[in-house]
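Data block below; observations after.
Since this is a predicted model, take the numbers as computed values, not measurements. One is the number of the first residue; the rest follow in order along the sequence.
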Amino acid sequence: MGFDEEWGRLRAEAAQRAVAVPHAVLAEPATEPTAEPVAHPSAADPLAAARKAVLERFADFRNRLVLVPMDERGGLWTAELGGLAWICAFSGEEALARFAEARGEAEREWPYRRVIGARLLDEVIPALDFPCGVALNAAGPDGMVLPPMRGIVPDAVAIDAEEAA
């Protein structure tokens, strides 16, 4: 399964879980009223919970040391997806090996650099002369994309910077 297919499947599963939460709350049997309302965990706003989870993963990425494969010229390896270039980064050698296997290139050597996530977003991407995001753990169940958008990369290189003006 390729990156596109896997990412699409994961997004669809997440969307189904988010839609299912409100229905589960409505389907619960009514209880007798109490003096103080008791907050039910599933009654929390699923959108707010999802936002919080994304922000936590984003903060974790910024502080994390990631592995970035090198291309044949010694630069950071990128892949084209959806009209954008993506720096492929991996949380560890196991995630990189899973990616190599998915590409059918597990037998070749994959030289890499260790880079702090924040440095990729704040220094490397602004130094490029083309729009670029980061794909973390492509070909894995914990994959995440960080597009070149405001709030993720510096506004000067964000592809949505003109919309804000």
Side-chain angles (χ1 to χ4, degrees), residues 1-19 21 44-105 108-165:
M1 180 180 294
F3 178 76
D4 288 336
E5 294 86 11
E6 175 125 9
W7 192 253
R9 181 183 61 77
L10 291 171
R11 279 194 331 244
E13 288 173 4
Q16 287 175 337
R17 283 192 304 270
V19 170
V21 170
D45 179 12
L47 186 57
R51 237 185 230 121
K52 181 180 178 196
V54 167
L55 291 173
E56 287 172 356
R57 286 200 68 200
F58 179 59
D60 179 60
F61 173 79
R62 290 188 61 80
N63 294 314
R64 179 181 289 240
L65 190 62
V66 295
L67 311 180
V68 181
M70 308 304 291
D71 66 14
E72 62 280 349
R73 297 176 311 234
L76 300 180
W77 196 83
T78 61
E80 176 91 10
L81 177 65
L84 286 174
W86 298 90
I87 296 171
C88 293
F90 300 92
S91 59
E93 290 181 350
E94 183 179 303
L96 176 55
R98 188 173 48 238
F99 177 74
E101 181 71 33
R103 292 183 51 81
E105 299 181 48
R108 83 169 180 89
E109 185 178 343
W110 284 81
Y112 59 82
R113 284 200 154 142
R114 295 178 197 273
V115 183
I116 298 288
R119 185 164 187 218
L120 278 176
L121 299 173
D122 299 339
E123 297 175 29
V124 174
I125 289 176
L128 300 173
D129 59 357
F130 54 90
C132 188
V134 175
L136 177 66
N137 292 337
D142 58 343
M144 174 173 80
V145 293
L146 300 163
M149 306 288 281
R150 288 179 300 123
I152 297 175
V153 298
D155 288 353
V157 295
I159 59 176
D160 63 338
E162 291 180 6
E163 294 174 15

Can you see which heavy atom on [X] is nearest to which on [Y], and at what distance?
X	Y	result
Val157	Pro126	CG1-CA, 3.7 Å
Arg150	Ala158	N-CB, 3.4 Å
Ala85	Phe130	CB-CE1, 3.6 Å
Pro69	Leu96	CG-CD1, 3.7 Å
Leu84	Pro131	CD2-CB, 3.7 Å
Asn137	Ser91	OD1-N, 2.8 Å

**OP:** Determine whether more than 12 heavy atoms belonging to other residues, nucleotides or ligands lie under 6.0 Å from atom CD of Glu80.
**Re:**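 Yes, CD of Glu80 has more than 12 neighbouring heavy atoms, counting only those of other groups under 6.0 Å.
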**OP:** Decide if atom CD of Glu101 counts as having more than 12 heavy atoms of other residues, nucleotides or ligands within a radius under 6.0 Å.
**Re:**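 No, because the 6.0 Å sphere around CD of Glu101 holds 12 heavy atoms or fewer from other groups.
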**OP:** Let me know which of Val115, Val66, Thr78 forms a side-chain contact (heavy atoms from CB on, under 4.5 Å) with Ile87.
**Re:**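 Checked Val115, Val66, Thr78 against Ile87; only one passes side-chain contact (heavy atoms from CB on, under 4.5 Å): Thr78.
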Original post:
So which of Val134, Val145, Leu136 actually passes side-chain contact (heavy atoms from CB on, under 4.5 Å) with Trp86?
Top reply: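 Exactly one option meets the side-chain contact (heavy atoms from CB on, under 4.5 Å) with Trp86, and it is Val145.
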**OP:** Salt-bridge test for Asp45 and Arg51: reply yes if a basic N is under 4.0 Å from a carboxylate O, no otherwise.
**Re:**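 Arg51 and Asp45: not salt-bridged.
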**OP:** Determine, using ring centers only, whether Trp110 and Phe90 are less than 6.0 Å apart.
**Re:**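 No: the rings miss the under 6.0 Å criterion.
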**OP:** For side chain to side chain contact (heavy atoms under 4.5 Å, CB included), just list the numbers for Ile116 and Arg64, CA-CA rounded to whole Å, side-chain angles, deciding distance to a tenth of an Å, and then say yes or no.
**Re:** CA-CA 6 Å; Ile116 298 288; Arg64 179 181 289 240; over 6 Å; no
Original post:
So do the side chains of Phe58 and Arg62 get within less than 4.5 Å of each other, counting heavy atoms only?
Top reply: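 A side-chain contact exists here, since the closest heavy-atom pair is under 4.5 Å.
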Subject >> Counterpart residues, salt bridge (charged side-chain N to carboxylate O under 4.0 Å, His left out), relative to Glu93 (two or more places apart) >> reply: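 Not a single residue meets the salt bridge (charged side-chain N to carboxylate O under 4.0 Å, His left out) criterion with Glu93.
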Original post:
When rounded to the nearest 0.5 angstrom, what distance separates CZ in Arg114 from CG in Leu67?
Top reply: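 Taking CZ in Arg114 and CG in Leu67, the distance rounds to 5.5 Å.
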